[in-house]
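Numbers restart at 1 for each chain; the letters A, B, ... are given by sequence-line order, proteins then strands.
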2 protein chains.
Amino acid sequence: MARPTMTDVAELAGVSRALVSLVMRGSSNVSSLRRDAVLAAAAELGYTPHQMARSLASRTSTVLGVMVSDLRNAFFVDVVEGIDAAARVAGFEMVINTGGRSPVRERVALRSLLSFRPAGIVLLSPVLSAAAITEASGQGPLVLVSRTTRLSSVDTVNDDGATGAALAVDHLVRLGHTRIAHFDGGRASVATARRQGYTAAMRRHGLDPRVVASEHTDVAGAKAVRQVWGESGGLPPTAVLAGNDFNAIGAISALEEIGLRVPRDVSVVGYDNTSLAAMGHVSLTTIDQPRAEVGRLAVAALLERVRGERDEPVRHLLQSTLVVRATTAPPPP
Amino acid sequence: MARPTMTDVAELAGVSRALVSLVMRGSSNVSSLRRDAVLAAAAELGYTPHQMARSLASRTSTVLGVMVSDLRNAFFVDVVEGIDAAARVAGFEMVINTGGRSPVRERVALRSLLSFRPAGIVLLSPVLSAAAITEASGQGPLVLVSRTTRLSSVDTVNDDGATGAALAVDHLVRLGHTRIAHFDGGRASVATARRQGYTAAMRRHGLDPRVVASEHTDVAGAKAVRQVWGESGGLPPTAVLAGNDFNAIGAISALEEIGLRVPRDVSVVGYDNTSLAAMGHVSLTTIDQPRAEVGRLAVAALLERVRGERDEPVRHLLQSTLVVRATTAPPPP
DNA sequence: TCTAAAGAATAGAGCGCTCTAATCCTTCTC
DNA sequence: GAGAAGGATTAGAGCGCTCTATTCTTTAGA
């Protein structure tokens, strides 16, 4: 009942264990006679190589570890799919782990991933401490997605949040808006670039930036709306650039609750173009990041390090695009 | 630069490798003197046990493999979180893999998972062939979530879709609806129970069931609406029980497009209570499954098998609850 | 016919760990 | 002070595989 091992296959095929190993690894220096015998024996026994024993003996790994800070964020899931596709093409297998946006849990998850001695690690928007990242980077190639670092042993893949935010501002200005608020992403690692891009773009247009503290959740988006429109004095914005799509959805709900129509009274732009934004019922104007490409680049960077083709860090900065849907329109007269 | 091994720690601490092994496994038969020395040495070298070598030698595994058919479905993600939490408590680590709703990819993913010789496997709503499941179940404990089987070597955790659907019908009937349609989930494995529950509940109320072929996507939901309301002859339904939340969202969009208001003109009920449904902007009446509980039960079932505490299959059928939000109301007069 | 070279197959050590059995200390008892 | 008992420690084999030599075949060349 025990699972068959290489020795079992070797015995059945009447060859040595080493030959079985060669066949399983697809070596060309094997006569087709023996190869067929080995494959037949393996099939008969239902033998499949023991991945762990294999990587232990070869001191190599075909595993790419991926730590996702938050699986509930559709953006990350799309990146994961990109990673998976690229990894499969390269003959690697992806193994995911999640940290639930908690530094402690992320640390545990990362440690668990590392205990498999993977060929490399991708951290998706980790909230981990820089120290933990430094430590992990000593164990092998490491790529950071949606987070920056100064470590030269670590590669990064980020979207150009500054340009993306500027795209949104330009779009709104073109529609005629002048009072455009930004709901900030708070401690999210991508928030800084977006905020700076927004502020710079507003200045460029000769407009006053207005950054409202918020977070990347729908609850926070709703709260920010109630705060801004609840204030007395000053004219309220006619447009909002939310920190991400979730925040935008929350904002829209809250706006409609206080009797404002989107986009007739207020325009709203999201960020990330999650599947949520695309749904007919929502139809959110938003900024799209090439998510599959993010995953692909992360894997590519990792593999370059794995193969020792590169030592210097690479910093990918991906261009975003504007996706116009139904939540933006000219401001009310 | 090579990663430290047990031998390095043993030498630095001035003890045998076996003793280091005992300390790392937390054995109580070690003097605190030696234990401290070993731990100090391990800390100094930055040693962490090599999980693969460990499980190879012990012929055991602390890995629970999880194959998720579709990470984009928030429902599964919630179950995964439940699995993760339960696994961690039991001292196991979860490793995820995804099959992208393709039988071929799922097969690859499952094989990859199995090559790690995990302690057990959870398949989340797989579209895999029954043959592949049978084969995998020979390799170790296997739990199926959101899919049924007759295999006695496999445990299952499902929600009671029939009762859940009945809950929705009862709610709508109570509001006064009599023409209630059901948008079927097609080939999704949970669709059958929901459909049967709907049909039975309608009959129980003396109403005519009306099942519309659809799928578990928003596009399909919209299409079903256009089909039903595009028909000439007969009165259209005043309420829809969608196959799941995505389908419901699509249906709502399409209804609004053809000028019908939800819930004033038509009531819509979803299924799964995904985070989507809870968002203010959507606020969907839906059926809630205890997702974290699903994950917990799956892990529990797995561990009972791992520990050899049980041989007969267990079939969990979880009760759902109705969550009333803003998409259901009495029918128009 | 003999030898060299290339190709095919294998022996055996070792990857980093666990586990069994054996050995080494203490301490306790009479 | 001898022997038993029991806890602490270690030696060494082995998990399922890969990898470096090494050996065995075969074929080609002179």
Length of the line joining B:Arg35:CZ and D:dA8:P, which is rounded to integer Å: 9 Å
Minimum-distance nucleotide (side-chain atoms of A:His50 versus D:dT9, D:dG16, C:dT10): D:dG16
Starting at atom CG of B:Asn29, determine the distance to atom P of C:dC25, rounded to an integer number of angstrom. 18 Å
Between B:Thr48 and B:Arg3, is any side-chain donor less than 3.5 angstrom from a side-chain acceptor? yes
Tell me the interatomic distance from B:Leu56, atom CG, to C:dC19, atom C1', rounded to whole angstroms. 13 Å
Is it the case that the side chains of A:Gln51 and A:Thr62 hold a donor-acceptor pair, with the cut-off being a distance below 3.5 Å and no angle test? yes
Could A:Glu81 and B:Arg105 be called an ion pair, given the rule that one side-chain N must be under 4.0 Å from one carboxylate O? yes
Between P of D:dG7 and CZ of B:Arg34, the distance in whole Å: 17 Å
Using a cutoff of under 3.5 Å, can you pull out all pairs of nitrogen or oxygen atoms linking the protein to nucleotides 18-21 of chain D, with atom names and distances?
| from | atom 1 | to | atom 2 | distance (Å) |
| --- | --- | --- | --- | --- |
| D:dT18 | OP1 | A:Arg54 | NE | 2.7 |
| D:dT18 | OP2 | A:Ser21 | OG | 2.5 |
| D:dT18 | O4 | A:Arg17 | NH2 | 3.1 |
| D:dC19 | OP2 | A:Arg25 | NH1 | 2.6 |

When the distance from CG of B:Leu19 to C1' of D:dT9 is rounded to whole Å, what number comes out? 6 Å
Taking CD from B:Glu11 and C1' from D:dT10, how many angstroms apart are they, rounded to a whole number? 15 Å
Would you call A:Asp78 and B:Arg72 a salt bridge, using N to O less than 4.0 angstrom? yes
Within this structure, what is the CZ-to-P distance between B:Phe116 and D:dG16, rounded to whole angstrom? 17 Å
Would you mind checking if B:Asp155 and B:Arg305 are paired as a salt bridge, meaning a charged N to carboxylate O distance below 4.0 Å? yes
Using distance alone, with no hydrogens and no angle criterion, decide if A:Arg25 and A:Ser21 have a side-chain donor and acceptor under 3.5 Å apart. yes
Taking only side-chain nitrogens and oxygens of B:Ser31, does any of them come within less than 4.0 Å of OP1 or OP2 of D:dT9? yes
Of all the choices, D:dG16, C:dT10, D:dT9, which nucleotide is nearest to the side chain of A:Thr5 once you look at every atom? D:dG16
